[in-house]
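In this chain, numbering begins with 1 at the start of the sequence shown.
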Amino acid sequence: QVQVVESGGGLVQVGGSLRLSCAVSGRTSSRYAMGWFRQAPGKEREFVAYIGWSGGNPFYGDSVKGRFTISRDGAENTVYLQMNNLKPEDAGIYYCAAGTRVTIPTSHRWYDSWGQGTQVTVSS
């Protein structure tokens, strides 16, 4: 398994931007896919974005399409989530996750390693 640590959360106004980072360490020689999920108070964990181990096949949850971009820097073992045009409903704790056998990327059950999360607050 690998270890993942998120950073970059904070308070932003509606329409603003944030970039989240996810640092991956440990068995980084493995081919792991990465996902971002989020969870708002009283709600279930929601899929946000996914990227394959090679940086390919990115895709997004319907609610963030066109506003969020996932990318990865293989040299630095870091995954990013660029979030633009933020809305109040984007607020929550954002989690980064890694998996080596992610068959259903939108399901959190396929990921092996999770970070502690980073808080995103969107003020109106």
For the residue pair T78 and D73, confirm or rule out a side-chain donor-acceptor distance under 3.5 Å. no
Exercise: identify the closest heavy-atom pair between N85 and S17: N-OG, 4.2 Å
Pairwise distance OH(Y111) to OG1(T100) - rounded to 0.5 angstrom: 11.5 Å
Shortest non-hydrogen contact between G115 and V4, atoms and distance: N-CG2, 3.0 Å
How many angstroms lie between atom CG of N77 and atom OG of S25, to the nearest 0.5 angstrom? 8.5 Å
So S113 and M34, do their side chains get closer than 4.5 Å, heavy atoms only? no
Please step through salt bridge (charged side-chain N to carboxylate O under 4.0 Å, His left out) for the pair K87 and D90, ending with a clear verdict. CA-CA 5 Å; K87 303 176 180 181; D90 293 319; over 6 Å; no
Just wondering, more than 12 heavy atoms not from E89 lying within 6.0 Å of its CD? yes
Are I104 and Y32 co-members of a hydrophobic cluster defined by side-chain heavy atoms under 4.5 Å apart? no
Scanning both residues in full, the closest heavy-atom pair of V64 with V48 reads CG2-O, 3.4 Å
Return the minimal non-hydrogen interatomic distance between L18 and G8, and the atom names on each side. CD2-O, 3.8 Å
Donor-acceptor contact present, side-chain Q116 to main-chain V5, <3.5 Å: no
Would you compute the distance between atom CZ of R72 and atom CD1 of I51 and round it to the nearest 0.5 angstrom? 6.5 Å
Tell me whether V122 shares a hydrophobic cluster with L11, the cluster being built from Ile, Leu, Val, Met, Phe, Trp, Tyr side chains joined at under 4.5 Å. no
Between E46 and S63, a side-chain donor and acceptor under 3.5 Å: yes
Short question: side chain of Q13, backbone of S123 - any donor-acceptor pair under 3.5 Å? no
From S21 OG over to Q82 CD, what is the distance, rounded to the nearest 0.5 angstrom? 9.5 Å
F47 reachable from L81 in the ILVMFWY side-chain graph, under 4.5 Å edges: no
Mind checking whether Y50 and Y60 have ring centres under 6.0 Å apart? no
Between S7 and T118, is a side chain to side chain contact (heavy atoms under 4.5 Å, CB included) present by the stated rule, with each step listed? CA-CA 6 Å; S7 61; T118 185; 5.7 Å; no
same_hphob_cluster(F37, V79) at 4.5 Å side-chain heavy-atom cutoff: no
Are F68 and W36, when compared by the centres of their aromatic rings, separated by less than 6.0 Å? no
Hydrophobic clusters here meaning ILVMFWY residues chained together by side-chain heavy-atom distances under 4.5 Å, can you tell me if V102 and W53 are in one? no
On a heavy-atom basis, the closest approach of F59 and T106 is CE1-CG2, 3.8 Å
With side chains defined as the heavy atoms from C-beta onward, is the minimum distance between I70 and Y80 less than 4.5 Å? no
What pair of heavy atoms forms the shortest contact from G117 to I93, and how long is it? CA-CG2, 3.8 Å
Which distance, rounded to the nearest 0.5 Å, do you find between the OH of Y95 and the CZ of R45? 5.0 Å
Roughly how far apart are W110 CH2 and T103 OG1, rounded to 0.5 Å? 3.5 Å
Regarding Y94 and R38, is there a side-chain donor-to-acceptor distance under 3.5 Å anywhere? yes
